[in-house]
There are 6 protein chains.
Amino acid sequence: MGLHQFIQGLTDLETIDRAPGHFKYQTHSVAAHSFKVAEIAQILGDVEELHGQTINWQSLYEKALNHDYTERFIGDIQTPVKYATKQLRAMLAQVEDDMTDNFIQKEIPQNLQERFQRRLGEGKDETLEGQILALADKIDLLYESFGEIEKGNPDNVFIEIFSESLKTITQYPDLACGQYFVHDILPELLNEDFASREQLIQISREILQSI
Amino acid sequence: MGLHQFIQGLTDLETIDRAPGHFKYQTHSVAAHSFKVAEIAQILGDVEELHGQTINWQSLYEKALNHDYTERFIGDIQTPVKYATKQLRAMLAQVEDDMTDNFIQKEIPQNLQERFQRRLGEGKDETLEGQILALADKIDLLYESFGEIEKGNPDNVFIEIFSESLKTITQYPDLACGQYFVHDILPELLNEDFASREQLIQISREILQSI
Amino acid sequence: MGLHQFIQGLTDLETIDRAPGHFKYQTHSVAAHSFKVAEIAQILGDVEELHGQTINWQSLYEKALNHDYTERFIGDIQTPVKYATKQLRAMLAQVEDDMTDNFIQKEIPQNLQERFQRRLGEGKDETLEGQILALADKIDLLYESFGEIEKGNPDNVFIEIFSESLKTITQYPDLACGQYFVHDILPELLNEDFASREQLIQISREILQSI
Amino acid sequence: MGLHQFIQGLTDLETIDRAPGHFKYQTHSVAAHSFKVAEIAQILGDVEELHGQTINWQSLYEKALNHDYTERFIGDIQTPVKYATKQLRAMLAQVEDDMTDNFIQKEIPQNLQERFQRRLGEGKDETLEGQILALADKIDLLYESFGEIEKGNPDNVFIEIFSESLKTITQYPDLACGQYFVHDILPELLNEDFASREQLIQISREILQSI
Amino acid sequence: MGLHQFIQGLTDLETIDRAPGHFKYQTHSVAAHSFKVAEIAQILGDVEELHGQTINWQSLYEKALNHDYTERFIGDIQTPVKYATKQLRAMLAQVEDDMTDNFIQKEIPQNLQERFQRRLGEGKDETLEGQILALADKIDLLYESFGEIEKGNPDNVFIEIFSESLKTITQYPDLACGQYFVHDILPELLNEDFASREQLIQISREILQSI
Amino acid sequence: MGLHQFIQGLTDLETIDRAPGHFKYQTHSVAAHSFKVAEIAQILGDVEELHGQTINWQSLYEKALNHDYTERFIGDIQTPVKYATKQLRAMLAQVEDDMTDNFIQKEIPQNLQERFQRRLGEGKDETLEGQILALADKIDLLYESFGEIEKGNPDNVFIEIFSESLKTITQYPDLACGQYFVHDILPELLNEDFASREQLIQISREILQSI
């Protein structure tokens with residue numbers, strides 16, 4: 001009961017992949033995803049502050065860092081999403097919640113249990129920090145799906161993920177950081193130069209003609 | 001609806017790992033596991049026949065081959081088994097069943113749906129073939145856990161798995177093939193020579209002394 | 001001699017890759033391939049039955065499941081096919097056969113040797129089941145090569161493999177299941193939506209304009 | 001200059017391994033390590049609070065999360081530590097600092113540069129939060145080296161790392177969380193049951209005797 | 001001091017990747033790169049000899065084989081090259097040199113130290129063999145970057161690497177082997193047939209029409 | 001015919017593993033093995049020179065570097081050695097030779113064919129350089145098998161390989177470098193400190209008692 005099991009679980013999160021079997025070019029562990037979401041949330045918090053909002057940084061970091069810890073209990077479910085109904089998804093969420101409660105009872109010292117209930121619970125609430133977490137989670141997902149598509153993964157599921165993520169991001173018109181992402185970051189992502197075989201042949205020809 | 005989605009799903013099973021994050025030395029995809037279980041079931045069927053039983057081979061192969069196809073829907077759940085109650089496991093099984101039904105409705109031609117209902121349903125029934133499948137599944141699991149432990153994986157969960165598997169195998173005293181496994185195969189597995197660093201040093205010394 | 005070596009060999013088949021070094025996006029173990037071929041053969045058998053043929057299911061499953069077991073002896077030979085003559089291939093086949101015989105003599109109990117001679121021998125004979133195996137083997141190869149090309153593997157060898165596989169499939173005009181594959185499954189494979197970077201940029205523009 | 005390059009760099013941290021070539025059983029990306037250190041720092045902060053200290057949580061999370069971001073510039077240097085002198089290490093640190101400055105100038109919007117100077121600078125200062133970061137970093141390293149050794153990695157460098165880490169941890173006698181780690185967490189780590197081949201054989205014997 | 005540490009270091013070079021995190025389709029260890037450079041240098045030496053030059057083969061092989069051994073000390077530095085100035089690169093080179101000296105002092109028998117000073121020092125000098133090494137190193141880099149781009153890696157850094165490599169190769173107009181590469185080898189590389197999804201669909205249509 | 005196919009083949013050798021499926025802790029590509037053998041041969045040549053022998057360095061490097069290039073044609077055959085007879089091995093060698101001839105005819109410019117016949121032919125002849133190659137090949141194999149065993153691979157085949165390799169090395173009593181390996185290098189390899197879990201617990205106890 002000295003928190004060793006909690007720390008040991010961090011190692012499990014290094015080996016649990018997101019959407020196992022779907023990412024062909026770069027896999028993403030739950031641990032690495034959590035790191036990226038916390039870093040992105042930090043940037044979004046920066047932008048909000050520059051626009052005059054007050055950020056509860058402790059809450060923002062805490063939410064972002066811990067938001068997927070409970071995936072160690074059921075992993076990142078395989079989902080040809082189309083075969084899972086809303087009701088089934090609700091049942092799965094219930095299973096995850098119950099395992100989380102069992103875990104806290106058995107492994108977390110009593111005087112810390114309340115904190116862990118908060119940390120391992122749902123972080124995407126209506127607070128500003130909860131909304132930023134929701135955004136940051138989608139932005140990382142958008143980057144992950146973009147990474148697959150630009151490298152040539154033909155699986156249409158990534159178009160759907162990218163498109164759903166972007167739509168969600170635009171649904172927070174009141175958040176300055178959402179606007180910032182759409183207007184200042186996304187264009188850079190989409191306009192990146194893009195290496196191709198044709199370019200190579202063209203460049204080779206130019207270099208050879210100049211000698 | 002031309003069965004393409006079913007075939008495509010086979011590829012997913014090549015990339016879904018069993019107990020992700022736990023196997024450190026050799027990972028096992030659901031596809032490879034299914035192959036091994038079908039091969040082991042074939043051997044167990046042989047033994048039963050030699051002991052005078054009649055095997056329905058079509059049923060045996062069909063059960064073994066398809067018994068984990070539905071893992072493409074929810075994957076091999078992460079399970080620190082200790083945090084999941086019996087009730088939670090039942091709920092998960094229900095989720096898997098419902099996704100399977102949805103899949104069959106949407107992707108399998110109508111005149112084949114009944115066959116797939118049987119194939120993707122529970123194969124471990126009370127028939128001789130159902131019992132052989134249950135045994136074959138445990139024997140592969142026993143080999144998998146043995147493989148981890150003999151290579152030095154300290155995770156106690158594999159001792160538990162090995163031990164549970166072996167107990168289950170001994171619970172079919174009426175099956176000749178279970179007896180055969182325990183008396184003719186297991187000892188070979190346990191008695192295999194076992195390379196060690198100490199042996200190397202000893203052998204080196206002997207070779208060097210003889211020159 | 002209690003079949004332990006046979007079971008142990010299944011594990012080797014999990015780690016022997018098909019065409020090592022050529023698949024860049026998704027490797028395929030011999031074990032996983034065997035599983036997929038058996039599943040595909042099962043579907044093809046279904047189609048034949050629906051067209052009035054009588055299938056010997058025991059034979060069909062047995063052939064499909066075991067057809068590459070002997071690759072554990074010489075692996076999946078590297079082959080820049082162009083450097084191997086017909087005669088060389090015949091010699092290699094001979095080597096494999098002889099190792100198989102040696103293996104059966106040494107590791108399989110005598111009262112089962114005949115069965116294993118059949119199972120580890122050539123399955124692609126003139127029977128209906130032998131023909132279905134030949135087709136199923138090619139269909140899996142076609143899917144494997146398609147998977148590489150659609151993800152962007154420029155190696156021309158996969159065009160050749162795809163093309164050879166498809167030609168072979170069309171050479172069984174009497175098999176209803178071959179026709180079924182060509183007319184009902186292949187089009188779904190070829191017509192799948194196909195994610196691309198251009199699509200992403202287009203979708204992003206549409207989403208952003210709608211806000 | 002819209003922070004896209006900063007986010008893109010997070011992806012690089014997913015693919016940069018710590019001590020490349022040394023970890024044989026489980027590799028650790030810089031991204032995953034950063035996540036674990038932030039989680040461990042969070043626990044250590046909890047313990048300090050329970051002992052009456054006041055934690056600046058924003059600072060603690062910020063320090064932990066960002067402490068290795070700059071490894072994207074020179075990676076985790078290969079180091080048979082014995083061949084690098086103190087002076088060489090200082091030079092390397094200087095190179096990393098200068099690349100960091102160049103990066104901030106080129107990629108971070110001006111009104112955020114000060115924040116990133118702080119985040120990407122040295123976090124292990126004399127503040128309570130800086131000390132907790134130092135401890136958390138060592139605790140993760142200790143877990144990583146323990147993980148290698150218990151699985152059988154014979155490389156002595158891990159004994160040295162474990163031993164150095166533990167010594168460092170005991171050098172903060174004033175920190176309640178250091179004491180807590182040594183007295184409440186470490187024993188659980190060291191006393192974990194430990195699977196072995198001998199145990200397997202023993203267990204098999206017992207199970208077989210009881211039937 | 002019996003050269004064991006030197007041999008052990010070869011194994012490290014098998015696990016140190018070039019440009020870690022950048023190659024998405026095929027990683028290249030320093031060991032494999034060294035092998036390829038030595039093979040390519042051998043071919044370039046052949047061409048020079050055919051053109052009447054005298055090659056010091058011992059020197060050529062020695063230079064090529066050992067030219068990256070010292071990467072075991074600091075690895076292949078991560079470098080978004082744009083953030084490293086010329087001065088920083090010089091400092092890094094200095095660090096590597098000093099570690100190399102420390103290594104030779106501690107691990108190489110005294111009567112061999114001079115040889116290793118030469119082998120682990122800078123091989124790309126003004127001799128014919130030094131120039132051939134420089135060329136061979138660039139040719140392998142060109143192949144590596146071509147390999148990524150033709151498989152669809154969109155990272156522009158590979159266009160830059162390819163282009164820089166080709167320019168460097170053309171800067172040795174006096175070397176017959178450079179001319180040979182540009183006129184006889186490069187065109188074959190660029191003109192290779194190139195598999196694509198569109199081709200597959202076309203081929204399928206043709207095959208199906210001909211039945 | 002401009003040597004492009006030869007260079008392309010080097011990349012294949014990076015992806016062809018030695019003894020695929022057997023190495024559990026560290027795989028070895030044919031490319032990396034060739035590099036290591038050439039480096040080891042270089043050391044052995046050094047030792048011979050110090051003992052007054054004259055080394056034909058061009059021949060030594062050439063033999064070592066190219067000795068396994070032809071594995072790109074049939075790969076590193078899977079071999080449960082026990083199932084392959086001497087005659088079968090001879091047949092396989094014949095197949096490899098014939099593919100090599102076909103390759104040289106088709107891909108190597110005529111004025112270089114003689115050189116490549118020599119390089120891709122059998123290098124382990126009776127010359128001093130041929131004997132050193134034979135030794136260097138065994139020494140690398142010995143290191144590879146040692147690496148597996150010391151990390152806990154229980155597969156007895158590595159004891160056999162280590163033992164066979166060492167015996168072969170002692171069969172060249174006239175070679176000073178063989179003696180040197182046995183007396184000056186091997187002991188360092190065998191006596192390396194060896195990390196263990198017990199040591200960790202002991203060290204932890206000592207550190208904790210001293211505070």
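Sequence lines set the chain letters: A, B, ... in the order given, protein chains first and strands last, and positions in each chain run from 1. Hydrogens, waters and symmetry mates play no part in the numbers below; they use all other heavy atoms, side chains included.
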Undergrad: Under 4.5 Å, counting heavy-atom pairs only, tell me which of N66(B), L112(B), N111(B), I139(B) racks up the most with chain C.
TA: N66(B)

Undergrad: Give me the atom names and distance for the closest heavy-atom approach of L65(C) to F35(B).
TA: O-CE1, 3.3 Å

Undergrad: What is the minimum heavy-atom distance between Q26(B) and T15(C), and which atoms define it?
TA: NE2-CG2, 3.4 Å

Undergrad: Pick one of side chain, backbone, both or neither for L189(C), based on which atoms fall under 4.5 Å of a heavy atom in chain B.
TA: both

Undergrad: Counting only heavy atoms not in Q53(C) (residues, nucleotides, ligands), do more than 12 fall under 6.0 Å from its CD?
TA: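 Yes, because the 6.0 Å sphere around CD of Q53(C) holds more than 12 heavy atoms from other groups.
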
Undergrad: Tell me, do D140(C) and I7(B) make a side-chain contact under 4.5 Å, heavy atoms counted?
TA: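 No. Closest side-chain heavy atoms not under 4.5 Å.
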
Undergrad: Does any non-hydrogen side-chain atom of D184(B) lie less than 4.5 Å from one of L3(C)?
TA: no

Undergrad: Applying a criterion of heavy atom separation less than 4.5 Å, what residues of residues 54-63 of chain C form contacts with chain B?
TA: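 W57(C), Q58(C), Y61(C), E62(C) fall under the 4.5 Å cut-off.
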
Undergrad: Please identify, among L50(B), D46(B), L186(B), the residue contributing the most non-hydrogen atom pairs under 4.5 Å to chain C.
TA: D46(B)

Undergrad: For L13(C), which atoms come within 4.5 Å of any heavy atom of chain B: side chain, backbone, both, or neither?
TA: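 The side chain, not the backbone.
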
Undergrad: Give the interface residues of residues 116-131 of chain C toward chain B, defined by a heavy-atom separation under 4.5 Å.
TA: F116(C), R119(C)

Undergrad: State yes or no: are the ring centers of H4(B) and F181(C) separated by less than 6.0 Å?
TA: no

Undergrad: Output, in order, the C-alpha distance, side-chain angles, deciding distance and verdict of side chain to side chain contact (heavy atoms under 4.5 Å, CB included) for E14(C) and K36(B).
TA: CA-CA 9 Å; E14(C) 283 186 276; K36(B) 291 184 294 169; 3.0 Å; yes

Undergrad: Taking atom CD of Q202(B) as the centre, does the number of heavy atoms from other residues, nucleotides or ligands within less than 6.0 Å exceed 12?
TA: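 Yes, CD of Q202(B) has more than 12 neighbouring heavy atoms, counting only those of other groups under 6.0 Å.
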
Undergrad: Is any side-chain heavy atom of Q42(B) closer than 4.5 Å to a side-chain heavy atom of R115(C)?
TA: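 Counting from C-beta outward, Q42(B) and R115(C) never come under 4.5 Å.
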
